[in-house]
Amino acid sequence: MSVKYEDLQYLESEGKSQGFTDDSKFQRDLATLRTTFSNFTSNTTAEVQALKSQGGSLQEMITSLKAEVESHKQELQAARSLNDKVLSLESSLENQLQELKAGYSEMLLRVQQLVKNLNSLTCKMAALKSNGSQNNCCPTSWLEHEGSCYWFSSSGKPWPEAEKYCQQEDAYLVVINSREEQDFVQAHIGSSYTWMGLSDLDGVWKWADGTDYETNFKNWKPGQPDDWQGHGLGGGEDCAHFHPDGKWNDDACQRPYHWICEAGLSKGS
C-alpha cells in the first residue's frame with residue numbers, strides 16, 4: 001500500500017481532533033514516520049535522477065558502439081576488396097611465371113643444342129689441327145679416360161631422373177668395368193653419394209649399357225646389396241650408388257644423389 005505525504009498530514013490532523021495531541025508516543029511515531037517518508041522520497045528521487053543519468057550515458061554508449069561497428073564493417077569491406085585484388089594479382093603473377101617457365105625451358109633446349117654444336121665444332125677443329133691424328137674428343141666439362149667421356153654432376157636427382165638426363169646427353173649412367181675405371185671414378189666423386197648405371201628394378205641386376213652383371217667387375221660394401229625395406233620410402237632398394245669411399249650400396253631409387261654420365265669418346269664428334 002502506497003503512502004502519500006498528505007496522508008501523514010491527515011493522520012496528524014485526525015490525531016489532534018481525536019484528542020491525541022498530548023499523547024507523546026503518537027507524536028513520536030508520527031514524526032518518525034514523517035522522517036522515514038521524507039528520506040524515502042529523497043532517496044527515490046535521487047535514484048530516479050541517477051537512472052535517468054545512466055540512461056543518457058547508456059544511450060551515448062549504444063550510439064558510440066553502433067558507430068564503431070559501422071566503422072569495422074567498412075574496414076572489413078575494404079579488407080575483402082584488397083584481398084580480392086591480391087588474389088587477382090597472385091593469379092596474374094602465376095600465369096606470367098608459367099609463361100616464363102615455358103620460355104625458359106625452350107631457351108634452355110636451344111642453349112643445350114648450341115653447346116652440343118659448339119662441342120662438335122671444337123672437336124672437329126682439334127682434329128684438323130692434329131692433321132687427322134685426333135678424330136674424337138670429349139665435350140667441354142666432360143673428362144676423358146681410356147676411350148670414354150665422363151660427366152660428374154654437382155647436384156642431386158633420383159635415379160630415374162639421373163638416367164634420363166644422361167640419355168638426353170646421348171650417354172648413360174656410368175658402367176664400371178674394371179678396378180682401374182673404379183679408381184678413376186672414385187677419385188672424382190668427392191664426399192657425395194653418387195648413382196651409377198646399375199639397377200634391379202625388375203628383380204635382376206643390370207647395367208645401363210647392357211653389360212653382363214654376373215661376369216663384370218663388382219665392388220659392393222660387405223653385406224650389400226641387401227634390398228633393405230625399412231627406409232620408409234616404399235619398396236626395397238633397387239638402384240646402386242657409390243659411397244664416398246668408392247664402395248657400392250643398393251638404395252631407394254627416389255633418393256636425390258649425385259650421378260655420373262658416361263659416353264663413348266666419339267660423343268664429341
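For the numbers below, each heavy atom of this structure counts, side chains included, while hydrogens, waters and symmetry mates do not. Positions are given from 1 along the sequence.
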Practice task
Show the numbers, then the answer: is there a side-chain contact (heavy atoms from CB on, under 4.5 Å) between Leu265 and Cys137?
Solution key: CA-CA 6 Å; Leu265 190 59; Cys137 58; 5.6 Å; no
Handout entry: ring-ring contact (aromatic ring centres under 6.0 Å, His included) between Trp151 and Trp259, worked out
Key = CA-CA 8 Å; Trp151 183 84; Trp259 73 96; 5.7 Å; yes
Handout entry: Evaluation steps, side-chain contact (heavy atoms from CB on, under 4.5 Å), between Arg255 and Leu233
Key = CA-CA 9 Å; Arg255 297 193 187 279; Leu233 299 176; 3.8 Å; yes
Exercise for the section: List the steps, then state whether side chain to side chain donor-acceptor pair (under 3.5 Å) holds for Asp251 with Tyr193. Expected result: CA-CA 10 Å; Asp251 207 337; Tyr193 284 8; over 6 Å; no
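Residues Glu262 and Trp142 form no side-chain contact, since every pair of their non-hydrogen atoms from C-beta on lies 4.5 Å or further apart. Side-chain contact check for Glu181 versus Glu146: every heavy-atom pair is 4.5 Å or farther apart. The shortest side-chain heavy-atom distance between Asp200 and Lys206 does not fall under the 4.5 Å cut-off. By the 4.5 Å heavy-atom criterion applied to side chains, Cys253 and Pro158 are not counted as neighbours.
The minimum heavy-atom distance linking Pro244 with Ser191 is given by the pair CG-O, 3.4 Å. In plain terms, the two heavy atoms of Asn216 and Asp212 that are nearest each other are CB-O, 3.0 Å. Contact between Ala171 and Cys261 at its shortest, heavy atoms only, is CB-CB, 4.2 Å.
A donor-acceptor contact closer than 3.5 angstrom links the side chains of His145 and Glu180.
Remark: Asp183 engages Arg179 in a salt bridge (charged side-chain N to carboxylate O under 4.0 Å, His left out) (not counting sequence neighbours).
With hydrogens and angles ignored, the 3.5 Å screen pairs a side-chain donor or acceptor of His231 with a backbone N or O of Gly236. When atom types are taken as modelled, the side chain of Ser153 and the backbone of Ser155 share a donor-acceptor pair closer than 3.5 angstrom. Listed for the Asn219 side chain is a donor-acceptor partner under 3.5 Å among the backbone atoms of Gly246. A donor-acceptor contact shorter than 3.5 Å links the side chain of Thr63 to the backbone of Gln59. Using a distance-only test at 3.5 Å, with no hydrogens or angles considered, no donor-acceptor pair links the side chain of Asn249 to the main chain of Lys221. Counting only distance, with no hydrogens or angles, the side chain of Glu237 and the backbone of Trp228 share a donor-acceptor pair below 3.5 Å. Side-chain atoms of Gln186 come within 3.5 Å of backbone atoms of Asp245 as a donor-acceptor pair (strictly under, hydrogens ignored).
One finds the OG atom of Ser199 at 6.5 Å from the CD atom of Glu163 (value rounded to the nearest 0.5 Å). Taking CG of Leu173 as the start and SG of Cys239 as the end, the distance is 9.0 Å to the nearest 0.5 Å. Note: Ser91 OG to Gln96 CD = 10.0 Å, rounded to the nearest 0.5 Å. For the atom pair Lys164 NZ and Lys157 NZ, the distance stands at 9.5 Å (nearest 0.5 Å). Distance check: Leu201 CG to Asp238 CG gives 5.5 Å after rounding to the nearest 0.5 Å. Rounding to the nearest 0.5 angstrom, the gap separating the CG atom in Leu65 from the CD atom in Glu70 is 13.0 Å.
Residue pairs that meet the salt bridge (Lys or Arg N to Asp or Glu O under 4.0 Å) test with at least one member in residues 76-96, sequence neighbours left out, do not exist here.
Counting side-chain heavy-atom gaps under 4.5 Å among Ile, Leu, Val, Met, Phe, Trp and Tyr, the cluster of Phe184 also holds Leu143, Tyr150, Phe152, Tyr172, Val174, Val175, Ile176, Val185, Ile189, Met196, Leu198, Trp205, Trp207, Tyr213, Phe217, Trp220, Phe242, Trp248, Ile260.
The aromatic rings of His241 and Trp195 sit perpendicular, their planes meeting at an angle over 60°, well past the 30° parallel limit.
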